[in-house]
Amino acid sequence: MDKVRVRFAPSPTGYLHIGGARTALYNYLFARHLNGTLVLRIEDTDHVRSTDESTKAIFESLNWLGITHDEGPYYQSERRDLYKQYAQKLLDEGKAVYQDDPAKGRAVVFKMPEGKSIRMDDLIHGVIKFESKFVGDIVLIKSDGFPTYNFACVIDDSEMGITHVIRGDDHISNTPKQIALYEALGKPVPKFAHIPLIMGEDGSRLSKRHGHTSVGEYKDLGYLPEAVFNFLSLLGWSPGDDTEIMTKDEIIKRFTIERVKDKSAQFNLKKLTWMNSHYIKHKPAEDLFGLAEPYLTKAGYDLSRFPKEKLVRLVDLYRERIKVVSEIAGITRFFFEDAVNYQPEAVDKFIKTTEGKAVLGAVQDELAKITKLEHEPLENLLRSIAESKGLKFQGVAQPLRVALTGSSVSPPIFETMELIGLEKVKGRIKEAIALK
RNA sequence: GCCCCGAUCGUCUAGUCCGGUCUAGGACACAGGCUUUUCAAGCCUGCAACAUGGGUUCGAAUCCCAUUCGGGGUACCA
C-alpha cells in the first residue's frame, strides 16, 4: 500500500476549537500509525472572516498539543491562480458556466449532472448514497475571485495527493458535491472518513455558552497537553479494551480509523479534569514546578525570596490536591504571603476555643526549646502534647494547621511546618494565640 | 419542508461486522465504607443502560423494517 497522505485544513476564523483539535488529532494519529504524511492547509478563502491572529492561535494550539505536521502550511489564498485554471478547464469543457448576479457580480458555477446516483464508501459510516437532483449546482469561483470551500478543497486534496479525507460529520453533505467535482475533473476520489461531532454537555452543538471551547483556554486553565490529547483521543474512539490512560505513542500504536465511533460524543469536563489530575500526579516535580511557576508569578508572589528547591518541594506537596495547575496559586498563599489569611470559621472552631489556645500555648512552649524542624522529633513532640492533654492527634494538628495556614485544610502538618520554617512558625503561633 | 447521519448506565465507552460465552464489562460522576494528621489521594462496595414497536430466528444489544428522539446539511461560510 502506498503511503497515506492526510490533511488538517482549518479555516482561520477563530481559535482552535475542541472539535477542530480532535479532527486534527485523528488525522495526526492516522498518519502516524501508518507512517504517512500529515499536511497542514489553511483554508482562508473567506477573506472577510479569516485573520492572521487566528492562524497564529491555531498553530500555537496544535503545537501545544504536540500535533505536528509534515508538510505545509499551505494557504489557499496564495493558490488562487490554480483554482482559476481548473475553473477555466471546466468552463471550456462546458461543465461549468458563468452566472451573473446583479448585486454580487459574475461567478463560475458547476452544473451538476442530472439523474446520477453518487455513492461514497465512508470508512466510518459505510456506504452512503446521494441523488444528484438533491445535490444541486456548485459555485466554484465567487464573484470576489476567491474559490468556494468545496472547489478549493477538491483541487487541493487532489493536487496534494491526499489519500484519506478525515473530517467532521458536518461535511457529509458536501461530499457528493466534491465527488462530482473529482469526476468532472477526471481525478481519483480519495477515501473519506467522517468523524462525528463533539456536542456540549447538554447534547446540543458545542458552542461558547458551554463554557470553554477553545484549546487555548484549557492551556490557560492549567490543563496538561497530554491530558487533553489523551481525553480527546477517547472522545469517539477506544482501543477496544478498557485501557484509558495511554501515552501518545501508545495511542498512535493502537489507533485505527475503523474503531472510531459513528455516534456524536458529549464533551465531559469532569472526566477531562480527572484525567488531568492523573497526569499532574505523575509529572516529575521539577516539570510540575515549571508548569506552576507562571500561575505563582501571576498571583504576585515573589519567588525570588525562596530557594528553588523549596518551591519545587511546595508544588510537589500539592500535586495530589490540585486538579488543574492554576489552582496552585490560591492554595499556596499561606506560604508566600507574610500575613496569614485567617478563615473565620476555622479560627472559631479550632483556635478561639479554650482547648485550642491551650494546645497552641503548649506547642509554643515546646518549640521554644528547639532550633531545628525535623519530622521525627517534631512528630514525637506533638504527639506527646496530644497525649498529655488527653487529645487525639488531630486535636493538636488542627489548631496548629489553622494557626499556620489560616485554613483547616493543608498538606500534612509536618511538611507544612518545615516549609514555613521555624521562625515563621513561632511567629504565626504567637499571632494566632493573640486572636480575639 | 427536503436530503443525510446516528441511538448500550447521567456522560465517555466495550460488546454489534462473524446472532448464543451479556443475569451487558470498564471509566468519569454520584452514594456509602476503609485508611487517616485536616483536605485530598488511595483502596473497597453500591447505584445505574441495550429508545419504542414490529419482524427474521430454536435464540437478537447484535440482522431487517417502521416509529420516536437527537444531530448535521440545505450560502457566491468553511
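All chains are named by letter (A, B, ...) in the order of the sequence lines, taking the proteins before the strands, and each is independently numbered beginning at 1.
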> Taking B:U62 as the reference, what is the distance to B:G19 when you measure between their P atoms (whole Å, please)?
12 Å

> For A:Gln266 and B:G6, give me the distance from atom CD to atom C1', rounded to whole Å.
13 Å

> From the set B:C12, B:U37, B:A14, return the single nucleotide nearest to any side-chain atom of A:Phe393.
B:U37

> Calculate the interatomic distance between A:Asp122 atom CG and B:G73 atom P; express it in whole Å.
16 Å

> What contact category does A:Phe134 fall into here, base, sugar-phosphate, or nothing, at under 4.0 angstrom with non-hydrogen atoms?
sugar-phosphate

> Counting side-chain heavy atoms from C-beta on, which of B:C39, B:G72, B:C76 comes nearest to A:Lys142?
B:C76

> Using a heavy-atom cut-off of under 4.0 Å over every strand shown, decide if A:Phe267 touches base, sugar-phosphate, or nothing.
nothing

> Identify, between A:Gly236 and A:Ile128, the residue whose nearest nucleotide on RNA chain B lies closer to the 5' end.
A:Ile128

> Within the structure, does a side-chain N or O atom of A:Lys104 lie under 4.0 Å from either OP1 or OP2 of B:A75?
no

> If the cut-off is 4.0 Å, is A:Arg259 near the phosphate of B:U13, judged by side-chain N/O to OP1 or OP2?
no

> Going by the angle between their ring planes, with limits at 30° and 60°, are A:Tyr218 and A:Phe267 parallel, tilted or perpendicular?
tilted

> So, A:Asp44 versus A:Gln76: side-chain donor-acceptor pair below 3.5 Å or not?
no

> State whether A:Lys263 places a side-chain N or O below 4.0 Å from either non-bridging phosphate oxygen (OP1 or OP2) of B:C50.
no

> Looking only at N and O atoms, is any donor in the side chain of A:Ser143 or the base of B:C76 less than 3.5 Å from an acceptor on the other one?
yes

> Using OP1 and OP2 only, check whether a side-chain N or O of A:His125 sits under 4.0 Å from B:G6.
yes

> What does A:Thr148 touch in the nucleic acid at a heavy-atom separation under 4.0 angstrom: a base, only the sugar-phosphate, or nothing?
sugar-phosphate

> Under 4.0 Å, counting only non-hydrogen atoms across every strand here, what does A:Ala107 touch: a base, just sugar-phosphate, or nothing?
base

> Could you pick out which residue, A:Ala9 or A:Trp237, lies toward the 5' side of RNA chain B when each is mapped onto its nearest nucleotide?
A:Trp237

> Considering just the side-chain nitrogens and oxygens of A:Lys323, establish if one lies under 4.0 Å of OP1 or OP2 belonging to B:A41.
yes

> Do A:Asn174 and B:A78 share a donor-acceptor pair, side chain to base, under 3.5 Å?
yes

> Expressed in whole Å, how much space separates the C1' atoms belonging to B:C50 and B:G33?
31 Å

> Which listed nucleotide (B:G25, B:U37, B:A40) is nearest to the side chain of A:Arg321?
B:A40

> What does A:Val409 touch in the nucleic acid at a heavy-atom separation under 4.0 angstrom: a base, only the sugar-phosphate, or nothing?
base

> I'd like the P distance from B:C3 over to B:C9, given in whole Å.
29 Å

> Considering only side-chain heavy atoms of A:Asp169, which listed nucleotide, B:C5, B:C76, B:U37, is closest?
B:C5

> What is the distance, rounded to the nearest whole Å, between atom CD1 of A:Ile195 and atom P of B:G6?
15 Å

> Which part of the nucleic acid, if any, lies within contact of A:Ile413, taking any heavy atom under 4.0 Å across all strands shown: a base, the sugar-phosphate backbone alone, or nothing?
base

> Which nucleotide wins on minimum distance to the side chain of A:Asp46, given the candidates B:U37, B:A78, B:U13?
B:A78

> For A:Tyr83, run the side chain to side chain donor-acceptor pair (under 3.5 Å) check against A:Thr148, A:Thr45, A:Asp156 and tell me which one passes.
A:Asp156

> Please state how far atom NZ in A:Lys270 lies from atom P in B:A31, giving the value in whole angstrom units.
9 Å

> What integer number of Å spans the P atoms of B:A60 and B:G20?
11 Å

> Under 3.5 Å, is there a donor-acceptor pair between the A:Glu159 and A:Tyr74 side chains?
no

> Could you check which of B:G26, B:U37, B:G71 has an atom nearest any side-chain atom of A:Leu197?
B:G71

> With sugar-phosphate meaning primed atoms plus P, OP1 and OP2, does A:Pro411 contact a base, only sugar-phosphate, or nothing at under 4.0 Å between heavy atoms?
base

> Can you tell which of B:C77, B:C12, B:G73 lies closest to the side chain of A:Glu244?
B:C12

> Say whether A:Arg401 and A:Gln398, considering side chains only, have a donor N or O and an acceptor N or O under 3.5 Å apart.
yes

> Under 4.0 Å between any heavy atoms, over every strand shown, what does A:Met275 touch: base, sugar-phosphate, or nothing? Just pick one.
nothing

> Using the C1' atoms only, state how far B:A48 lies from B:C12, rounded to an integer number of Å.
15 Å

> How far, in whole Å, is B:G10 from B:A51 if one measures between their C1' atoms?
15 Å

> Starting from P on B:C77, measure out to OH on A:Tyr149 and report it in whole angstrom.
14 Å

> Should A:Gln394 be listed as having a side-chain N or O under 4.0 Å from OP1 or OP2 of B:U38?
yes

> Rounded to whole angstroms, how far apart are OH on A:Tyr15 and P on B:A78?
21 Å

> Under 4.0 angstrom, heavy atoms only, what part of the nucleic acid is A:Asn268 near: base, sugar-phosphate, or nothing?
base

> Applying a 4.0 Å non-hydrogen cut-off, can you work out what A:Asp101 is touching in the nucleic acid: base, sugar-phosphate, or nothing?
base

> Check every strand shown and say whether A:Thr45 touches a base, only sugar-phosphate, or nothing at a heavy-atom separation below 4.0 Å.
sugar-phosphate

> For A:Asp100, is there any backbone N or O sitting under 3.5 Å from a side-chain donor or acceptor partner on A:Arg106?
no

> Counting any heavy atom closer than 4.0 Å, what does A:Gly168 reach on the DNA or RNA strands: base, sugar-phosphate only, or nothing?
nothing

> Within less than 4.0 Å of OP1 or OP2 of B:A14, is there a side-chain N or O belonging to A:Ser238?
yes

> Mind checking if A:His171 touches a base, just sugar-phosphate, or nothing, with heavy atoms under 4.0 Å?
base

> Both distances under 3.5 Å, Watson-Crick or G-U wobble: report the partner of B:G46, or none.
B:C30

> Looking only at atom C1', what distance separates B:U67 and B:A7, rounded to whole Å?
13 Å

> Name the nucleic acid region contacted by A:Lys281, choosing base, sugar-phosphate or nothing; use a 4.0 angstrom heavy-atom cut-off, strictly under.
sugar-phosphate

> Test the A:Arg167-A:Phe192 pair against the cation-pi criterion, namely NZ or CZ under 6.0 angstrom from the six-membered ring centroid and within 45° of the ring axis.
no

> So which nucleotide from B:C12, B:G26, B:A27 ends up closest to the side chain of A:Ala265?
B:C12

> Would you call the rings of A:Phe255 and A:Tyr26 parallel, tilted or perpendicular, taking 30° and 60° as the class edges?
tilted

> Does the side chain of A:His125 pick up a donor-acceptor pair with the side chain of A:Asp169 at under 3.5 Å?
yes

> When the P atoms of B:A29 and B:G6 are compared, how many Å lie between them, rounded to an integer?
31 Å

> For the pair made of CG in A:Asp262 and P in B:G72, what is the distance, rounded to whole Å?
16 Å

> Does B:A41 have OP1 or OP2 sitting under 4.0 Å from an N or O in the side chain of A:Ser277?
no

> Specify the separation, in whole Å, of atom CG of A:Asp242 and atom C1' of B:G25.
6 Å

> I'd like to know whether A:Lys310 forms a side chain to side chain contact (heavy atoms under 4.5 Å, CB included) with A:Leu419, so could you lay out the CA-CA distance, the side-chain angles of the two residues, the decisive distance to 0.1 Å, and finally the verdict.
CA-CA 7 Å; A:Lys310 196 151 202 175; A:Leu419 229 32; 4.3 Å; yes

